[in-house]
Structure formats: structure tokens, C-alpha cells
Enquirer: 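One structure, pasted below without further comment.
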Amino acid sequence: MLERLGDWKRSSYCAEPAAVDIGKTVTLMGWVQRRRDHGGLIFIDLRDRTGLMQLVFNPEAGVVHAKAHDLRSEFVIAVKGAVGKRPVGTENPNLKTGEVEVVVKELKVLNDSAPLPFMIEDETDVAETTRFKYRYLDLRRASLQRKLLLRHRVAMATRNYLSENGFIELETPVLTKSTPEGARDFLVPSRLAPGNFFALPQSPQLFKQILMISGFDRYFQIVKCFRDEDLRADRQPEFTQIDAEMSFVDREDVIGVMEGLIVRIFKEAGVDLKPPFPRMTYSEAVGRFGVDNPDVRFGLELKDLTGALKGSGFKVFADAASRGGVIKALCVKGGASFSRKDLDDLTEIAVSFGARGLAWVKLTEEGWQSPIAKFLSDAEKETIVKALGAEKGDLLLFGADKAAVANTVLGRLRLNIGGRLGLIPKEGYSFVWVTEFPMLDYDETEKRFVAVHHPFTAPMEADLEKLDTDTLKVRAQAYDLVLNGSEIGGGSIRIHRSDIQAKVFEKLGIAKEDAELRFGFLLDALKFGTPPHGGIAFGLDRIMSIITGSESIRDVIAFPKTQKGADLMSDAPSGVDAKQLEELFIRLAKKVEKTEKA
RNA sequence: GGGGCCGUAGUUAAGUCGGUUAUAACGCUGGCCUGUCAAGCCAGAGGGCGCGGGUUCGAGUCCCGUCGGCCCCGCCA
């Protein structure tokens, strides 16, 4: 029999009453976590977002006791009772409220619950599929509530800090214009303009620049961004950025203010960071770690042997060098004990990242054990050993290829081996700013230059004149913040002159008319007194997932999507009525209609 | 677009070389039980193995297809 809340008011959260409250009468409301029914005494653990409180029902309580007997998991109840000290010897040190209990005098059953598909427990090994279908139950678990509570506090800290530093929170449209470049857009058909589409923003990039042109000087927003690309453990199609932009600043100004923000955010999590964070240029990062998001928590750095081995008798090495590539190596301390299977795994990884194979050397008691030993002279072997500081018991891995391939392959092997050998510390936060990214890259398939960061990123002043002569050497005033090998934010100083912006579009192979069509409003705006400006965006989900030690960003998002971009709880995406399509002047292709979901 | 792993009671898992009636734990239901807190003890219900084909005397086990989940490559300015 369900009862009404009536005029009952909650006097405190479950985990609030403590020893000092003994004797007080309290009114608690929450969910039945567990019932321990002794026939006589009945114990109920009552749960809300603050934690648990043990309720005691004495047999003398008559009808209240009888009602308690019928309580089941996740029933919603309200109780009135007295806070009491637990009898000596029955305290529960594992519970925040373990010294006290509430002796119940009145009980209202506000709602019942169907049997649960899984238990509401902190530690769970229930499949994500099931958890996501019943996400509301999953979210009752304390571990997830803690993460989302911290996320809230981080968002608040962000607002406070940025506001204190003169940033104004402004909203930008969610229905916006599709622009070429970058990720695939999510499109929204326009009913009022048949055949035309809005795009959901990949980021508020252009709008925040325009806000600078408007003179707001400092802007920020905690904002959803959308990218229609395949998902990963750290990638969702909709994700949240802490987005900021500042006027009349250079790189150091942005980095300075943003380090302060990061410090403030981590303080919420009880972590004291000591700025300034280390810096590294892009070329140093790629040279030493093989990637532009270096995990600097451990060594195992890449070594360049191109100079030493370019004249090698080993064709793979010599060819790589003569074609303008590089010869690089990793020296894995103690790696000579790797099994054939380990080496096969590593080779597979190397191949998956574009290598043609993986040359390895084991330095054993008997000397060089390696498929490539026979191609190398004794002098070369000595050079290698010396250059790598290699000793008996080590494993050497080589990458000889175009620089991009050799670096990526060895960089990925480094991460894998670091994990395999337990070289990566579990605790701690290692930040590094990566700066001086190249501005443009050449896309072999599209046969044109593409922006490494985005097309509005300013080149470094010193490289401006190289734009035509030595395009790939032009560095951008861009910077990424990397935490434990994960890119958690990136930004740049923007182009604020329309002539330079037009020039960059030209370099990107965007025809003048096309630039006019796609970015015309920005090019126009740039003509009307644009201040120098720059900014940054942080991935809030990624930051939260690292702070909370989560394996995937799905654990710090209340309602995440599966790898196929579906929401298992609401069953989105789904088909729509023919009438809705009609109103939008949309007809499905036949091929799609067949597989259309109801 | 591609590679890998995984789908067996509500949940997590076991299931041998294809062979009777598919196991266990937790949960659930009922009973007993006055200091438990993963309460305890006793009894019970519950699935036909993601779905669809095929091979076979016989399929959870083998084959093909398909759906779904996870990890990764490509993609993600």
C-alpha cells in the first residue's frame, strides 16, 4: 500500500546525522539499499546521494515493523525516528554514519520497485549494454554519482575562475552553418528553407572569434560540440568543451590564464598542481616520443640513428635514409626476455600503424640474436649499441621509413611496451604544453594542403614569409595541453587580418568563391577592426575521465552513446513518421528504407 | 571501409571430443530467525543457449549469414 508524502519534510540527508545528533528526531527519505530481516529486529540501509543510514525497526513498533518486513530493494520510503548511538561492538567503521542509527517510529512507503535487472552496488561487473539500457539505475551507484558530482564542481570552479578573470559566458547557436574542413557535420534539415540544412557545431570557433570582433574581450562557454565521426573510448559524437577566447593577447597570455584554470579544476579534485607546466615543441615531441601527445610519465624515448646508419649494408636502413626518411630505434631495458609471441604482437602493432615489418635485436649472453644481425657490420653493431646505451638483456626495435611512419610506429610501440612492462606510473598527473605545431600538412589522397589545427590559426610571425616558399615548414601559433599522454585541450592565436586569412584559404586550396560562400561572414567581419585574439578549448569529458581514473569517457557522461552512436536507454536514433519527412521535403533512398528502424 | 574479442537463467560466469533432464554463485519468492551490515539457515521458482539458416541420427558446442556490445586502424581541422 503506497502512501502520500503529505506534509512530511526531509530534515537531513541520509549520511548527515552523526554522533552529535544523538537523541534528535530526524525525517529521512531515500531508497532501500538493503534489508536485513532477523524476524525480530529489521535493519534497513537507507540511501540517498550522500550515502547510507542504518534504520532499525524494533518488533515492539507493531505495524511499522510489519511494514518494514515487506520492504524490498529500491523502494522509496520516508521515516521519522530518533538518532541513536549504536550498541557497543556493533558500530560499522566502513560507513560514514557507522556510529549511529535511526530508530524508526513512523514509516511511509512512497513507492515500490520492480525487481532490479542488476544490483545497485559500487563495484559492478555488469555489462555496459545492460547498464546503459537501465542507465537510471546505473546512475544510482555511488561511484557514478561521485564522478558526476565532481563534474558539477569542476564546472562551477570553471565558471567562477573564468568569471573572476574577466571572461563573460555567452551562448552561441547550436543550429549553425555547415562549413567544409574538419570533421563530418551532423546536419539538421530546415523546414522553412526546404533543401537547406543547419549543422550542429563542431565547436563554436567562428562565433567566439566574432565575439572578439564585437569587443567582448574575453568569452567562455561550457558547451556541447558535435562531430559525426567514429567513436572511441575517449570520443563521443557529442562532447563538452570548456571554450574560451581572449583579445589583445599572445600565446603566453592564454597559457598563463589557462594554467590557472587547470590548477583550480584539479584543486576541486584535491590535487595540488605546480605551474608552470613543462613545454615542448611539436618537433621535439615527435622526435623523442613519436607522437604529438607525448606521455612523459616514463622514458623509453626514441633515438635517431639516421646519421650513423645511412650508409649501412642493410638495405632497409640505407633505402629509408636515401629516400629522405629516418632510422630510429627504441632500447627496451630487459626486453631480451620478450617471447616470440611478444615480438609477434609488437610486429602486428607496427604493421597496423603502417610499418612494413619490425626489425628487432635481442642482446643475449650469446650476443646478437636478430633476423637482421647478418646484414650489419661489427662496426655498425658497435655504433648502435653505443648510441642507444644498450646492454646485455635489452631489446632493440627499429623503425626505418618516412619520418611520419617511423615516429608513429615507434611511438605506439613505446606506449604498448610501457604498459606491458609497467613503466607507466598509476598515480600522478604529468602535463606538457606542446607548441609550434606545423600549420599545414599535405594530404596525399586529396592532393592539397590541410590545416593541422584549423584554418583560422595564425602562423608564427617568423615563418610568415615561408608560406609560399616552404609551406610545410611554417609553424602555427598553436598549442595543445597534454595530460598523461592524452590531449585534453588545444588552441591558438587566430588570424585577425583578412588579407592573411584569405591567403591561408588560398593555400588550403579553397577557391575564393568557395571561401566567400562558406566563410564569407568571417572574412567580412575581419575587415571591420578585428583585434589580435586567441583562445583554447578543453575537453571536459577527457579531463573528468582522467581525474576520476575512468577507463572511458562514458563513465563521466550521464547519458553516453555506444560505439555505434546509439543511446540504448531511449533507443535513439530511430526512424521517424513519413509526415515528418514530408514536412522537411526529405525522401529516403531505397537502400536505406529497407534497413530503417521502426 | 577494415582487424580483433564477446553474446548461455534477472546478473556474472562454467559447459570437455557434438550425446540423456544445460551447471554454479549472486539476485528473486516463501518459511525460520532480536544486533545485522555481502546477515544466517531451510525450501522453491526461473533459461533452452542473441536471431535466422545449414550440416548431422543428434547442435549451446561445427559451418554460413545477421543483429548487438567492447577495443583498435582509417576517420576525428
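Since this is a predicted model, take the numbers as computed values, not measurements. The chains referred to below are lettered A, B, ... by the order of the sequence lines, with proteins before strands, and numbering in each begins at 1.
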Enquirer: Where the side chain of A:Asp230 is concerned, which of B:C71, B:G35, B:C75 is the nearest nucleotide?
Expert: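 Looking only at heavy atoms from C-beta outward on A:Asp230, the closest nucleotide is B:C75.
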Enquirer: Mind checking if A:Arg72 touches a base, just sugar-phosphate, or nothing, with heavy atoms under 4.0 Å?
Expert: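 Sugar-phosphate contact only.
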Enquirer: Quick test: give all pairs of protein nitrogen or oxygen and nucleotides 42-46 of chain B nitrogen or oxygen below 3.5 Å, distance rounded to 0.1 Å.
Expert:
none

Enquirer: Applying the Watson-Crick and G-U wobble criteria at under 3.5 Å, what pairs with B:A39? Answer none if nothing qualifies.
Expert: none
Enquirer: Looking at A:Asp70 and A:Lys67, does any basic side-chain N land under 4.0 Å from a carboxylate oxygen?
Expert: no
Enquirer: What is the distance, rounded to the nearest whole Å, between atom CD1 of A:Ile120 and atom P of B:U11?
Expert: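 In whole Å, B:U11 P lies 14 Å from A:Ile120 CD1.
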Enquirer: Look at all strands and tell whether A:Glu91 reaches a base, only sugar-phosphate, or nothing, counting heavy atoms closer than 4.0 Å.
Expert: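 The answer is base, as A:Glu91 lies within the cut-off (heavy atoms under 4.0 Å) of a base atom.
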Enquirer: Identify whether the distance between the nearest side-chain nitrogen and carboxylate oxygen of A:Glu348 and A:Lys341 falls below 4.0 Å.
Expert: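 No salt bridge links A:Glu348 with A:Lys341.
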Enquirer: Assign A:Asn92 to base, sugar-phosphate, or nothing according to its heavy-atom contacts below 4.0 angstrom with the strands shown.
Expert: base
Enquirer: Between A:Arg34 and B:A39, is there a side-chain N or O to OP1/OP2 distance below 4.0 Å?
Expert: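 For B:A39, OP1/OP2 do have a side-chain N/O of A:Arg34 under 4.0 Å.
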Enquirer: Could you state the atom-to-atom distance from CE of A:Met119 to P of B:G27 in whole Å?
Expert: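 From A:Met119 CE to B:G27 P: 6 Å.
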Enquirer: So does A:Arg494 pair up with A:Glu245, basic N to acidic O under 4.0 Å?
Expert: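 A salt bridge is present here (some side-chain N lies under 4.0 Å from a carboxylate O).
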Enquirer: Distance alone, cut at 3.5 Å: any donor-acceptor contact between the side chains of A:Asp555 and A:Ser552?
Expert: no
Enquirer: Of the nucleotides B:U34, B:C37, B:G74, which one has an atom closest to the side chain of A:Leu41?
Expert: B:U34
Enquirer: Are A:Ser570 and A:Asp567 linked by a side-chain donor-acceptor pair shorter than 3.5 Å?
Expert: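 There is such a pair (donor and acceptor under 3.5 Å, judged by atom type) between the side chains of A:Ser570 and A:Asp567.
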Enquirer: Taking the C1' atom of each, how far is B:G74 from B:G68, in whole Å?
Expert: 23 Å
Enquirer: For A:Glu348 and B:C71, give me the distance from atom CD to atom P, rounded to whole Å.
Expert: 19 Å
Enquirer: Report the nucleotide, chosen from B:G68, B:U36, B:U12, that has the shortest atom-to-atom distance to any side-chain atom of A:Lys564.
Expert: B:G68
Enquirer: Considering every strand and a 4.0 Å limit on heavy-atom distances, what is the contact class for A:Pro117: base, sugar-phosphate, or nothing?
Expert: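 Counting heavy atoms under 4.0 Å across all strands, the contact made by A:Pro117 is with sugar-phosphate only.
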Enquirer: Choose from B:U12, B:U36, B:C71 the nucleotide whose nearest atom is closest to any side-chain atom of A:Gln563.
Expert: B:C71
Enquirer: Between A:Gln241 and A:Ser203, does any side-chain donor sit less than 3.5 Å from a side-chain acceptor?
Expert: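 There is no such pair (donor and acceptor under 3.5 Å, judged by atom type) between the side chains of A:Gln241 and A:Ser203.
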Enquirer: Report the nucleotide, chosen from B:G69, B:G35, B:C73, that has the shortest atom-to-atom distance to any side-chain atom of A:Thr562.
Expert: B:G69
Enquirer: Calculate the interatomic distance between A:Leu568 atom CG and B:C70 atom P; express it in whole Å.
Expert: 7 Å
Enquirer: Let me know the distance between NZ of A:Lys561 and C1' of B:G69, rounded to the nearest Å.
Expert: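 Value for this atom pair: 16 Å.
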Enquirer: Give a yes/no answer on whether the side chain of A:Arg131 brings an N or O atom under 4.0 Å of OP1 or OP2 in B:U11.
Expert: no
Enquirer: Take atom C1' in B:G3 and the same atom in B:A45, then report the distance between them in whole Å.
Expert: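 Those two atoms are separated by 45 Å.
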Enquirer: Closest approach to the side chain of A:Ser552, judged atom by atom: which nucleotide of B:C71, B:G35, B:C75 is it?
Expert: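 Of all the options, the side chain of A:Ser552 is nearest to B:C71.
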Enquirer: Output the rounded distance in Å from CD (A:Gln33) to C1' (B:G27).
Expert: 13 Å
Enquirer: In whole Å, measure the gap between the C1' atoms of B:G30 and B:C71 for me.
Expert: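 The answer is 45 Å between these two C1' atoms.
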Enquirer: Hey, is A:His38 stacking on B:A39? Ring centres under 5.5 Å, planes under 30°.
Expert: yes
Enquirer: Counting only Watson-Crick pairs (N1-N3 plus N6-O4 or O6-N4) and G-U wobbles (N1-O2, O6-N3), all under 3.5 Å, who is the partner of B:A13?
Expert: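 Checking every strand shown, B:A13 finds its partner in B:U23, with both distances under 3.5 Å.
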Enquirer: Which nucleotide in the set B:U36, B:U12, B:C75 lies at the smallest distance from any side-chain heavy atom of A:Arg232?
Expert: B:C75
Enquirer: Using a heavy-atom cut-off of 4.0 Å across all strands, would you classify A:Glu487 as base, sugar-phosphate, or nothing?
Expert: nothing
Enquirer: Quick one: is A:Thr129 getting a side-chain N or O under 4.0 Å of the B:G68 phosphate, OP1 or OP2?
Expert: no
Enquirer: Think A:Arg235 has a side-chain N or O under 4.0 angstrom from the OP1 or OP2 of B:C73?
Expert: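 No, no such contact exists.
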Enquirer: B:G50 and B:C70: how far apart are their C1' atoms, nearest whole angstrom?
Expert: 16 Å
Enquirer: Since syn is defined as within 90° of 0, does B:G60 count as syn or as anti?
Expert: anti
Enquirer: For nucleotides B:G58 and B:U20, find the distance between their P atoms and express it as a whole number of Å.
Expert: 15 Å
Enquirer: Between A:Glu551 and A:Asn58, which is nearer to the 5' end of RNA chain B once each is assigned its nearest nucleotide?
Expert: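 Its nearest nucleotide being more 5', the pick is A:Asn58.
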Enquirer: Base, sugar-phosphate, or nothing: which does A:Arg35 touch, judged by heavy atoms less than 4.0 Å apart?
Expert: nothing
Enquirer: Does either side chain, that of A:Asp480 or that of A:Tyr282, offer a donor lying less than 3.5 Å from an acceptor on the other one?
Expert: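 On atom types as modelled, these side chains do not qualify, holding no pair under 3.5 Å.
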Enquirer: With heavy-atom distances below 4.5 Å as the criterion, would you say the side chains of A:Ser178 and A:Phe198 are in contact?
Expert: no
Enquirer: Nearest whole angstrom, please: distance from the C1' of B:U12 to the CD of A:Glu121.
Expert: 11 Å
Enquirer: Could you check whether any side-chain heavy atom of A:Ile553 comes within less than 4.5 Å of a side-chain heavy atom of A:Gln236, counting everything from C-beta outward?
Expert: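 Yes; the side chains approach each other to less than 4.5 Å.
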Enquirer: When rounded to the nearest Å, what value does the distance between C1' atoms of B:U56 and B:C73 take?
Expert: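 So the two C1' atoms sit 40 Å from each other.
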Enquirer: Below 3.5 Å, does any donor atom in the side chain of A:Arg554 face an acceptor in the base of B:C70, or the other way round?
Expert: no
Enquirer: In terms of relative ring orientation, are A:Phe505 and A:Phe456 parallel, tilted or perpendicular, with 30° and 60° separating the classes?
Expert: perpendicular
Enquirer: For B:G44, which nucleotide is its Watson-Crick or G-U wobble mate, given both distances must be under 3.5 Å?
Expert: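 The answer is B:C28, by the H-bond criterion.
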Enquirer: Counting only Watson-Crick or G-U wobble pairs whose two distances fall under 3.5 Å, which nucleotide matches B:G68?
Expert: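 Matched B:G68 with B:C6 under the 3.5 Å cut-off.
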Enquirer: For B:C49, what is the paired nucleotide under Watson-Crick or G-U wobble rules, both distances under 3.5 Å?
Expert: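 With both distances under 3.5 Å required, B:C49 matches none.
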Enquirer: Would you call A:Glu229-A:Arg235 a salt bridge at under 4.0 Å N-O?
Expert: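 No, A:Glu229 and A:Arg235 are not salt-bridged.
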Enquirer: Pick the P atom in B:C75 and in B:G15, then give their distance to the nearest Å.
Expert: 40 Å
Enquirer: What contact category does A:Val56 fall into here, base, sugar-phosphate, or nothing, at under 4.0 angstrom with non-hydrogen atoms?
Expert: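 A:Val56: no heavy atom of the nucleic acid under 4.0 Å.
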Enquirer: If you define the side chain from C-beta out and look only at heavy atoms, does anything of A:Met53 sit under 4.5 Å from A:Val100?
Expert: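 Side-chain contact under 4.5 Å: yes.
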Enquirer: Would A:Phe118 count as stacked on B:U11 if the rule is ring centres under 5.5 Å and plane angle under 30°?
Expert: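 The base of B:U11 is not stacked with A:Phe118 (the test needs centres under 5.5 Å and planes under 30°).
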Enquirer: Give me the distance, rounded to whole Å, that separates B:C63 from B:G19 when you measure between the P atoms they each carry.
Expert: 15 Å
Enquirer: For A:Phe353, answer base if it contacts any base atom (sugar-phosphate contacts may also be present), sugar-phosphate if it contacts only those atoms, and nothing otherwise; contact means non-hydrogen atoms under 4.0 Å.
Expert: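 Here A:Phe353 touches the backbone only, sparing every base.
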Enquirer: Closer to the 5' end of RNA chain B via nearest nucleotide, is it A:Asp234 or A:Gln205?
Expert: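 The residue whose closest nucleotide sits nearer the 5' end is A:Asp234.
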Enquirer: Please state how far atom CD in A:Glu60 lies from atom P in B:U34, giving the value in whole angstrom units.
Expert: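 Going from CD in A:Glu60 over to P in B:U34 covers 11 Å.
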Enquirer: Taking only side-chain nitrogens and oxygens of A:Arg36, does any of them come within less than 4.0 Å of OP1 or OP2 of B:A39?
Expert: yes
Enquirer: Name the nucleic acid region contacted by A:Val126, choosing base, sugar-phosphate or nothing; use a 4.0 angstrom heavy-atom cut-off, strictly under.
Expert: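 Answer is sugar-phosphate: A:Val126 comes under 4.0 Å of backbone atoms only.
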Enquirer: Which of the following nucleotides, B:U36, B:C73, B:C76, is nearest to the side chain of A:Phe43?
Expert: B:U36
Enquirer: Hey, does A:Ser203 reach any base, or is it just sugar-phosphate, or nothing, if we go heavy atoms under 4.0 Å?
Expert: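 Base contact.
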